[in-house]
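Worksheet: the structure to be examined is printed underneath.
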2 protein chains.
Amino acid sequence: MSKTFGNKIRALREGKQIPQRQLAAALEIDTATYCKIEKRDRRAKREQVTVLADLLEVDSKELIRLWSADKVYDIIAEEEEATQILNMVAETILKYQDKTAKA
Amino acid sequence: MSKTFGNKIRALREGKQIPQRQLAAALEIDTATYCKIEKRDRRAKREQVTVLADLLEVDSKELIRLWSADKVYDIIAEEEEATQILNMVAETILKYQDKTAKA
DNA sequence: TTATTTTTGCCAAGTTACGTCAAGACAAGT
DNA sequence: ACTTGTCTTGACGTAACTTGGCAAAAATAA
C-alpha cells in the first residue's frame, strides 16, 4: 500500500525516537506483539489505534483511516475487479447517507 | 446496500423457482444455513459463490463483486469517513496496478 | 563484548464464524 | 382442521482463525 498503518506508526515513532517498548507498555501488550503490529503481522484493536494517535501526537482520524484501509485492502486486493468493488460500495454508502440525511 | 449478495441470489433463485433446499444441497449445507446466507446472517464461502453462479446461470464475476462488496461494507460502514477510506484504498490499488503493469 | 532494541517461532487462550438441530411461522392444498 | 412443503429463527457445539505472551534469536548501538 502507499502507506500502511504499520508504516505510518513506525515512521511517527522513529520520528519521535520512541522505542517500541514504550508504546507497547502504553497499549499493555509486550514488545513482540507491538512489533508485529508495525510489521502488519498482527492488527491493532480499534481502541489501541486511538491510544497510539495520542502518544504519537497525530490526528486519530487519520490513523483510523489507515487502519481501516488496511482491512479493506486485505479483502479486495486479491480480487480481479477490486476497483469496481470499491465503486459499488461507495455508491451504496452515498445512497445510504442520503437516506439518513433526509430522515 | 443497494443490492446485497443475499438479495441478488434470492432474486435469481425466485426467478428460477428453485427452492432453497436444492441450492443448499448443492453447497452441501442445510437449508437453515442457506437461508441465513440469503438473509445476510451467514456469509457464503468463495467457492460457494461460484457454485451458485453456475446454478443460477449468472456471471460468477458479478456475484463475486457483490459478495466482496458486502464484506467491505461491513468493515467501513460504521466508520465516519467511509468514503475517504475507499478513496485511499482505490489509490493504493491503482498505484499497485501501475507497478505490476510495468513489470 | 555488552547492552538495547527489534524480530521471529511457537503455543495457549480468546474470539469469531460456521453448520446443525429443533421449533415455529406461513401458505397452499386436501 | 390437518397435512405438506418452504422458509426462518435462536440456541448450541465446534471448528477455524486471531491474539498475546514467552523465549530465544537477530539486528543495532555503545
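So you know, we letter chains A, B, ... as the sequences are listed, proteins then strands, and number each from 1. Note that these values count all heavy atoms, side chains included, but never hydrogens, waters or copies made by symmetry.
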DNA chain D: first to last nucleotide in contact with chain B (atom under 4.0 angstrom from a heavy atom), 5' to 3', is dT6(D) to dA11(D)

[X]: side-chain contact (heavy atoms from CB on, under 4.5 Å) partners, not counting sequence neighbours:
X      : value
I75(A) : K71(B), V72(B), I75(B)
A32(A) : D30(A)
A53(B) : V58(B), S60(B), L63(B)
A44(B) : F5(B), I37(B), Q48(B), V49(B), W67(B)

Checking T92(B) side chain against M88(B) main chain: does a donor-acceptor pair fall under 3.5 Å? yes

Expected output: side-chain S68(A) to main-chain I64(A) donor-acceptor under 3.5 Å: yes

Does some side-chain heavy atom of T4(B) sit less than 4.5 Å from a side-chain heavy atom of L66(B)? no

Student check: side-chain heavy atoms of R46(B) and E79(A) closer than 4.5 Å: yes

Specify the residues of residues 14-26 of chain B, ordered by number, for which at least one heavy atom lies under 4.0 angstrom from an atom of DNA chain D. P19(B), Q20(B), R21(B)

List every contact pair, protein side and nucleotides 20-22 of chain C side both N or O, where the distance is under 3.5 Å.
from	atom 1	to	atom 2	distance (Å)
dT20(C)	OP2	D30(B)	N	2.7
dT20(C)	O4	K36(B)	NZ	2.7

Looking at K45(B), I'd like to know whether one of its side-chain N or O atoms comes within less than 4.0 Å of OP1 or OP2 on dG19(C). yes

It should be established whether R40(A) places a side-chain nitrogen or oxygen under 4.0 Å from OP1 or OP2 of nucleotide dT7(C). no

Should R40(A) and D70(A) be marked as a salt bridge (charged side-chain N to carboxylate O under 4.0 Å, His left out) after you check the CA-CA gap, both sets of side-chain angles, and the distance that decides it? CA-CA 9 Å; R40(A) 230 161 172 265; D70(A) 271 12; 3.4 Å; yes

The salt bridge (Lys or Arg N to Asp or Glu O under 4.0 Å) partners of E38(A) (sequence neighbours excluded) come to R10(A), R13(A)

Among residues at least two apart in sequence or on other chains, which ones pass salt bridge (Lys or Arg N to Asp or Glu O under 4.0 Å) with K36(B)? none

For E57(B), side-chain hydrogen bond (donor to acceptor under 3.5 Å, both in side chains) partners two or more places apart: K16(B)

Just jot down the side-chain hydrogen bond (donor to acceptor under 3.5 Å, both in side chains) partners of R65(B), sequence neighbours excluded, or say none. E81(A)

Could you list all N or O pairs between the protein and nucleotides 28-30 of chain C that sit under 3.5 Å apart?
none

If you pin D41(B) and I37(A) to their nearest nucleotides in DNA chain D, which one's is more 5'? D41(B)

Separation of dT15(C) atom P from R43(A) atom CZ, nearest Å, is 18 Å

